[in-house]
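One structure below.
When a ligand or atom number is given, it counts from 1 through the structure's own listing order.
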Amino acid sequence: MIRAALLLALLLLQPLTATAQPKAETVTSKGGVVVCVSPPAADVGLKVLKAGGNAVDAAVATAFAMAVTWPEAGNIGGGGFMMIAPAGKDPTCIEYRETSPVAAKPDLFADGKVTWLNHKAAGVPGTVRGLALAHKKYGKLEWKTLVLPAAELAENGFTVNAVLAGGLNKVLADAKTTNAEFKRVYGKPGGEKWRGGDKLVLKDLGHTLRVIAEKGADAFYTGELADLLEKEMKAEGGLITKADLEAYKANERKPIHATFRGFDVYGPPPPSSGGVAIAEMLNILENFDLKKQGRWAPETSHLMIEAMKRAYTDRARHLGDPDFTKIPAELTTKDYAKKLAATIDLQKATPSAELAPEIPLDKQSDSTTHFSVVDKDGLAVSNTYTLENSYGNRVVVHGAGYILNNEMTDFNTRPGFTSTKGDIGTKPNQIAPGKRMLSSMTPVIVLKDGKPVLITGSPGGRTIINTVLCIVLNVTEFGMPIDEAVSAPRLHHQWFPDAARFEGVKSHPELVTKLKALGHTITEARQGDGHSIWIDPKTGLRTGAADKRLDGKAVGE
Ligand code: DON
C-alpha cells in the first residue's frame with residue numbers, strides 16, 4: 001500500500017522534477033561576494049577579498065584562475081568585457097575584445113576551407129592587457145599577488161570535479177579535436193577518461209602565468225611569450241604576428257546607459273552588441289505594463305519576443321566595431337523605441353522577414369563564462385569573457401600551454417550572405433585588419449538611486465543578450481528574488497531563424513499553445529549560465545546566486 005502510494009507520488013512528481021530549471025544556489029553576506037561557474041576560481045576571488053583586495057582585484061584573480069580551472073572559456077588566449085561600478089561614480093567598461101590580425105581578409109571563411117578549428121580563426125588575444133588595464137585603473141593590491149594563485153593552481157594541479165571531467169572527456173573524444181598539443185596537455189596521462197576527484201596539472205600554463213605575474217602583461221604581448229605565439233602561427237599557417245600582438249590595446253569605454261522603471265541599467269558598448277540591444281529592448285518594453293499582465297502571461301512573452309526580434313534586426317543592420325563603422329545614436333533612445341513599440345501587433349507575431357526588407361536574405365554550447373563580484377565597500381564588477389567555442393579553436397600554443405580563441409568566426413564570415421537560418425553578412429561586422437569582431441557578451445550592472453543592486457551576465461552566444469534581458473526583467477519588473485530570477489525559464493528570439501526558444505516548453509504548456517496561436521514558432525533549448533548578485537538597497541545585504549544549469553559556486557565573506 002505504502003509502496004503504491006509512493007509510486008503514485010513519484011509519478012505525479014515526475015513532470016515537475018523533469019522539467020523545472022535547477023534551483024540557483026545562494027550565499028548571503030554583508031561583505032564581499034564572488035559568484036562564478038568554477039568553484040576553485042570562486043575561492044581564489046574570495047581569498048583576494050579577504051586579503052584586503054577590492055572587487056576589481058578579486059575579478060582579475062578569478063579571471064586568471066578560471067584560465068586554469070575552467071579551460072572551456074576561462075582564458076588568457078581570448079577576450080571579453082568587464083563592467084565596473086565604482087562607488088559614487090558612473091559605471092565604466094574595460095573592453096578587451098580580440099582584434100583581427102592585419103593579414104586577415106574579409107573573405108577568410110567564405111569558401112568554407114578555413115574552419116573554426118583553424119589557427120587562422122584566432123583573433124589577437126585581449127584578456128591579459130584587459131585585466132591589466134582594469135587592475136591599473138581600479139585595482140588596489142599588487143598585480144603579482146593576483147596572478148600567482150592561478151600559476152600555483154596550474155603548477156601544483158587542482159581537483160577536477162565531475163562537470164569539468166565530463167567537459168574534458170567530451171572534447172577529447174570528439175574527432176574534430178586534432179591538435180596534438182591540446183591532446184597532450186588536456187588528455188589524462190595514460191589515456192583514460194577524466195573522473196571527478198582527479199588532479200589536473202598544467203605545467204606550461206603555470207610557467208606562462210608566472211611570467212605574466214613577474215614581468216607584467218606586456219610579457220604576453222612583446223616578450224618570450226609573444227615569440228611562442230608567433231612561432232606557433234608560423235608553423236601552422238596562422239595569421240597573428242608579433243606586430244599584431246604588440247599593437248593590441250585594451251580600451252576603457254563609456255557604457256551604454258538605459259533607464260527602466262526607476263533603475264539605471266549599464267551594459268557594454270560596441271564592439272559588444274549587448275548594451276545597445278538591452279537598452280533597445282527595455283525601452284520598447286517600457287511602453288507596456290508587463291507587471292500587470294504577469295510574468296507568464298502570453299501577452300508578456302509575445303511582447304518580449306517582438307522586442308527581441310526588433311533589437312536583433314538592428315544588431316544585424318548596424319552593429320560592429322565603432323572604430324570602423326558608424327552606429328546610429330538613436331538606437332538607444334526612448335523616441336526610437338516608442339516608434340518600434342507601435343509596430344508591434346498585439347494579436348499577431350511579426351514575421352522576421354518583414355523587419356529588414358533592405359537586407360537581402362538567402363534563404364550552442366556554454367563556451368563563454370560570466371562571473372559577478374562585489375566587495376565590502378560596494379564596488380561591483382560584472383565580467384564576461386570567452387574563447388568563442390568551447391575550448392576555442394582547440395589549439396594549445398606549444399610551450400605556452402594556453403588555448404587559443406576562434407573569435408574571428410564572430411565576424412560576418414560570408415560577406416553579403418544573410419540567411420533565414422541566422423547567417424549575417426551585413427557590412428558593419430565584416431573582417432578588416434585590426435578590427436574588433438562584434439560580440440553578444442553582456443555583463444550588466446543595474447543601479448538604483450546611484451547604488452549597484454544587480455550584477456549579472458551569461459554565456460550563450462547570441463542568446464546572451466536575451467538571458468540578461470530575462471534576468472533584468474525578472475528582478476526590475478517582476479520583483480523576483482535573485483535565485484528565482486536566475487532559475488526561471490528563459491526565452492530567446494534573434495530575428496533569424498524566425499523561431500523563439502523557450503526553456504519552459506514543458507513547465508508552461510498553456511503559454512506555449514497561446515504563443516503558437518499568435519503565430520510564433522516555439523522550440524525548446526537550455527539557455528545560459530547567469531551567475532548573479534543582488535544587493536538589497538534597503539539593508540545592503542548581498543545575495544550571490546550561482547546558476548546550477550551547469551555548475552557554479554557563490555561564496556561570501
Ligand atoms: O562574443 C560573443 O558574442 C561570442 N564569442 C560568445 C560565444 C559564446 O557565448 C559561446 N557560448 N556560449
Non-hydrogen atom of M437 closer than 4.0 Å to ligand 1: no
Test of proximity, G461 against ligand 1: N or O pairs below 3.5 Å: yes
Short N or O distance, P459 and ligand 1, threshold 3.5 Å exclusive: no
So which pairs with a foot in residues 98-126 pass side-chain hydrogen bond (donor to acceptor under 3.5 Å, both in side chains), sequence neighbours left out? H119-E232
Mind checking whether [X] contacts ligand 1 via backbone (N, CA, C, O), side chain (CB onward), both or neither, at a 4.0 Å heavy-atom cut-off?
| X | result |
| --- | --- |
| T368 | both |
| I464 | side chain |
| H370 | neither |
| E407 | side chain |

Would you kindly check if the NZ (Lys) or CZ (Arg) of R129 is within the cone defined by 45 degrees around the ring axis of Y248 and under 6.0 Å from the six-membered ring centre? no
Exactly one candidate in D410, T325, N412 meets side-chain hydrogen bond (donor to acceptor under 3.5 Å, both in side chains) with N429; the answer is N412
Test item: side-chain donor near acceptor, N405 and Y385, under 3.5 Å: no
Sort and list the pairs that fulfil salt bridge (charged side-chain N to carboxylate O under 4.0 Å, His left out) and have at least one residue in residues 486-496, not counting sequence neighbours. R490-D547
